[in-house]
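Structure record follows, encoded as structure tokens.
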Amino acid sequence: MSLYGGIELPGHPCPENVRRLDLLPIPQIRRMMRMGVGIDKEWLWELGSKLESRKVELRKEISSYVPPDKLEEFVSSSSGEGEGGMGLELNVESAEQVATLLFKLLGVGSGRQLKRTKSGKRVSTGKKQLETLKREHAIVPLILEYREASKLKNTYTDRLPEIARLHPRGEECLICGRPHREDHWRVHTEILTTRTDTGRLASKSPNLQNIPVRTVLGREVRKAFVPQPGWKLVAADYSQFELRLLAHLSRDANMLRIFREGGDIHLATAMRAFGIDDPKKVDKILHRAPCKNVNFGIAYGLTYLGLYDLMALTHATAGVPVPDWLDEAWCMEFILKWFELYPQCVEYFELQHYRAKRYEIVWTMCGRVRPVPEVRSVHKRIREAGLRQAGNMPIQGSQADIFKVGMARVERRLVEWRAAGVGVEALLPIHDELLVEVEEGWEDEVKTLLEWEMGRAMHDGQTGELRCRVPILTEGKVMEEDRWTKE
DNA sequence: TTAGAACGCGCG
DNA sequence: AAAGCGCGCGTTCTAA
């Protein structure tokens, strides 16, 4: 944990002008926690019961693949089961049982190089692994579907209604202080400001920063979040913020040019990397996918082996066989080529690695410091992890710095709105996105406000004399359906 | 019986 | 041998 924000560490010469970071918007954050976010309990109950019946079906179907004479093995290893007499079924929640069934009894993936768990005890049954084995046995997609249903039910549809609090209609709500038109339920998260090593905020009890959005079923969960009666939800997020920051921090001419021209960075990378002239000839899986993966992954220190895994997963998920020319050597070449396209990014990472090794710290645009003593470890694995953290922290951390400035700028304006009698509240910070609730009739205004204020966070005095070298794109969205949705 | 590790997975 | 950054949380499994 880094509590060093803006403070120079004794004994560490700081070679550049590291500025004080003094803009944690604590009062605004406390206000968001008090407000909470509205939820539709009936929606969650209904969704939960659908998930439950699907789980029952899937569990039955999955269990039918277990050789009957081997069932005892599972019963003996699982202690909690056994209620209900005859209900001898596989516990799909147990990774151990799933592994035994798949790899010992059914021989799935035999002759293939299978990834093992972190401890090396057995073969992994993680999503990545199972995705590549999807077509080998009909049971595999069933397990994946069960896992999704189970996750959504346990973590979201069951939990959220339990911890929601009733905000009563009336002049002044005792919980949040706002007058509500009708009774409704809200969940209150705790926002932690000193939890992360990079300066990001964290959310717990419940974590509202990981509400599903990437799958169709997941988005149904997200739809359970609603505005209070008579209000609208509005959200605004930065697009490709970390990549733009890499362009800014590295001053890479090619990357800056692409962003300044407002082009599609993944497409532009694909055209240059594969030497394609016509944008229409760029294939989504063949060309754009690896570029997207590398564009995002590079800030995390992605290696050619990681890229190979990602490519295998991309193809498996799309149901396309991996082409025979796509191997680890190809991935290595591709990453080298990527750095040739964006040569100043190499210098960026070299600079961060130098700072890490020389001073054992790296820092963000606003001067938030992260110690990285790992880079001097005697263990190569730890050292390399430390270097990846060092390369990533100024990007992720600067994103957090600027996001906070954006939040502070937004809140300053919302205070004025409230003084003028408009009901408007910030509800949730999600790393590069801010969720806001506003009285009906003001939603378009507030969307414009969010885009304006967040989009100018880099011009703020707090980020110092640093010129904004890259356009920061902010996209606001009004939830017309009165549910939290994507796009 | 229980605290914590292991595993897996939701999000940016 | 591992091989991608930052989080929180649910269930299963294990060691005390």
Side-chain angles (χ1 to χ4, degrees), chain A residues 1-2 77-81 91-99 115-130 143-144 146-156 158-159 189-192 195-215 217-219 221-222 237-243 246 293-294 296-310 328 331-332 335 352 362 370 372 379-397 399-400 403 428-434 486:
Chain A
M1 174 159 45
S2 158
S77 65
S78 86
S79 48
E81 206 65 34
N91 184 358
V92 192
E93 240 99 29
S94 161
E96 203 180 330
Q97 292 186 28
V98 170
K115 229 180 120 187
R116 305 193 74 78
T117 56
K118 206 177 164 191
S119 68
K121 260 194 224 163
R122 53 149 203 273
V123 176
S124 163
T125 68
K127 194 172 182 171
K128 236 179 202 163
Q129 177 72 87
L130 259 42
I143 291 170
L144 285 167
Y146 182 94
R147 288 243 178 99
E148 186 186 9
S150 177
K151 175 82 176 179
L152 295 179
K153 181 156 194 296
N154 290 336
T155 309
Y156 305 103
D158 281 356
R159 186 89 185 105
T189 184
E190 189 180 339
I191 297 167
L192 310 175
R195 181 70 186 80
T196 66
D197 289 337
T198 55
R200 274 190 175 183
L201 304 175
S203 159
K204 62 172 269 208
S205 319
N207 182 354
L208 293 184
Q209 289 179 329
N210 71 345
I211 300 305
V213 71
R214 293 177 188 170
T215 66
L217 205 50
R219 287 192 283 275
V221 172
R222 182 163 285 224
D237 69 302
Y238 292 107
S239 86
Q240 296 159 345
F241 204 176
E242 292 195 336
L243 212 44
L246 175 57
N293 283 332
V294 176
F296 283 122
I298 220 83
Y300 304 146
L302 184 70
T303 67
Y304 70 98
L305 291 159
L307 176 61
Y308 180 74
D309 277 358
L310 275 177
E328 290 170 356
C331 290
M332 187 184 273
I335 287 182
Q352 303 306 335
V362 289
R370 173 176 180 166
V372 276
H379 304 289
K380 192 179 173 196
R381 216 186 111 194
I382 308 245
R383 271 200 319 271
E384 290 180 337
L387 290 176
R388 289 193 298 271
Q389 291 162 357
N392 174 259
M393 187 273 179
I395 300 173
Q396 188 182 123
Q399 179 197 38
F403 180 70
L428 205 59
I430 320 172
H431 311 306
D432 66 349
E433 177 184 0
L434 189 61
K486 179 200 171 198

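Proteins get letters first, then strands, A, B, ... in listed order; numbering begins at 1 in each.
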**Request:** Give a yes/no answer on whether the side chain of A:K127 brings an N or O atom under 4.0 Å of OP1 or OP2 in B:dG10.
**Result:** yes

**Message:** Heavy atoms only, 4.0 Å cut-off, all strands: where does A:I395 land among base, sugar-phosphate and nothing?
**Reply:** nothing

**Item:** pair A:F403-A:H431: side-chain heavy atoms closer than 4.5 Å
**Value:** no

**Prompt:** Can you find a side chain N or O atom of A:N91 that sits less than 4.0 Å from OP1 or OP2 on C:dT12?
**Reply:** yes

**Asked** Could one point to a donor on the side chain of A:K151 or the base of B:dC9 with an acceptor on the other under 3.5 Å away?
**Response** yes

**Item:** A:R200 (side chain) and B:dG12 (base): donor-acceptor pair under 3.5 Å
**Value:** yes

**Message:** Using only modelled atom types and a 3.5 angstrom limit, is any donor from either the side chain of A:N210 or the base of B:dG10 paired with an acceptor on the other?
**Reply:** yes

**Asked** Is the base of C:dG6 touched by the side chain of A:R195 through a donor-acceptor pair closer than 3.5 angstrom?
**Response** no

**Message:** Rounding to an integer number of angstrom, what distance separates C:dA2 and B:dG8 when you compare their P atoms?
**Reply:** 14 Å

**Asked** Going by modelled atom types, is there a donor-acceptor pair between the base of C:dC5 and the side chain of A:Q396 at under 3.5 Å?
**Response** yes

**Message:** Between C:dA3 and B:dC7, how many Å separate the two P atoms, rounded to a whole number?
**Reply:** 13 Å

**Message:** Looking at A:N154, I'd like to know whether one of its side-chain N or O atoms comes within less than 4.0 Å of OP1 or OP2 on C:dT11.
**Reply:** yes

**Request:** Select base, sugar-phosphate, or nothing to describe what A:R147 touches, counting heavy atoms under 4.0 Å on all strands.
**Result:** sugar-phosphate

